[in-house]
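Residues take their numbers from the sequence shown, with the count starting at 1.
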Amino acid sequence: MSITPPSDIVLDVARAADPARFQEAAAKLSQPGSAGATAFADAARDVGLSTHMPLDARGALTGLQNQTAMSGAGSDPYKKFEGLVLQQFVEAMMPEKSETVYGKGNAGGIWKSMLAEQIGTQIAKAGGIGIAKMLNAAHPAGPAPVDAANPAAKV
């Protein structure tokens, strides 16, 4: 069974695009050889990729950048803990029989857990219920730094 769309979607998009840019792109695509390679290198440079770095090093660097961005440089571990506690509270308050909202089976449970996690995190970011403040008052210096060379030794 096949479908017959009313028009060619790609051609419609090309017609709606700027005619000069369309002609330039069509010319680059029709030229074999190095033009495509330089076009790729130009596009990669425009989005911030450096093509001189080996792929495994680029992947490691990207992983570190993503981990730093997700953890939020300087984020408070006590706020994270408070977010986890609030997640448990919120998840316990959510209705058990709500398959129409979350779905059935494991997928529904996962969606429910993810929603509770986000709600708990946002409540903690907005000030929470005071758990992070109490822990910060009890341990004002924060967790002790760990030496990367010898994780068992405290700095």
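In plain terms, the two heavy atoms of K112 and P95 that are nearest each other are NZ-O, 3.3 Å. A pairwise comparison of heavy atoms in A124 and K79 identifies O-NZ, 3.4 Å as the closest pair. E91 approaches A116 most closely through the heavy-atom pair CB-CB, 3.7 Å.
Residues I119 and F89 fall within the same hydrophobic cluster, defined by Ile, Leu, Val, Met, Phe, Trp and Tyr side chains chained together at heavy-atom separations under 4.5 Å. Linking Ile, Leu, Val, Met, Phe, Trp and Tyr residues whenever their side-chain heavy atoms come within less than 4.5 Å places I129 and F81 in a single cluster. Hydrophobic clustering of Ile, Leu, Val, Met, Phe, Trp and Tyr side chains at less than 4.5 Å, counting indirect connections, keeps M94 apart from L84.
Atom CD of E117 is separated from atom CD1 of I110 by 12.0 Å, given to the nearest 0.5 angstrom. Distance check: M114 CE to Q87 CD gives 11.0 Å after rounding to the nearest 0.5 Å.
When atom types are taken as modelled, the side chain of S113 and the backbone of G109 share no donor-acceptor pair closer than 3.5 angstrom.
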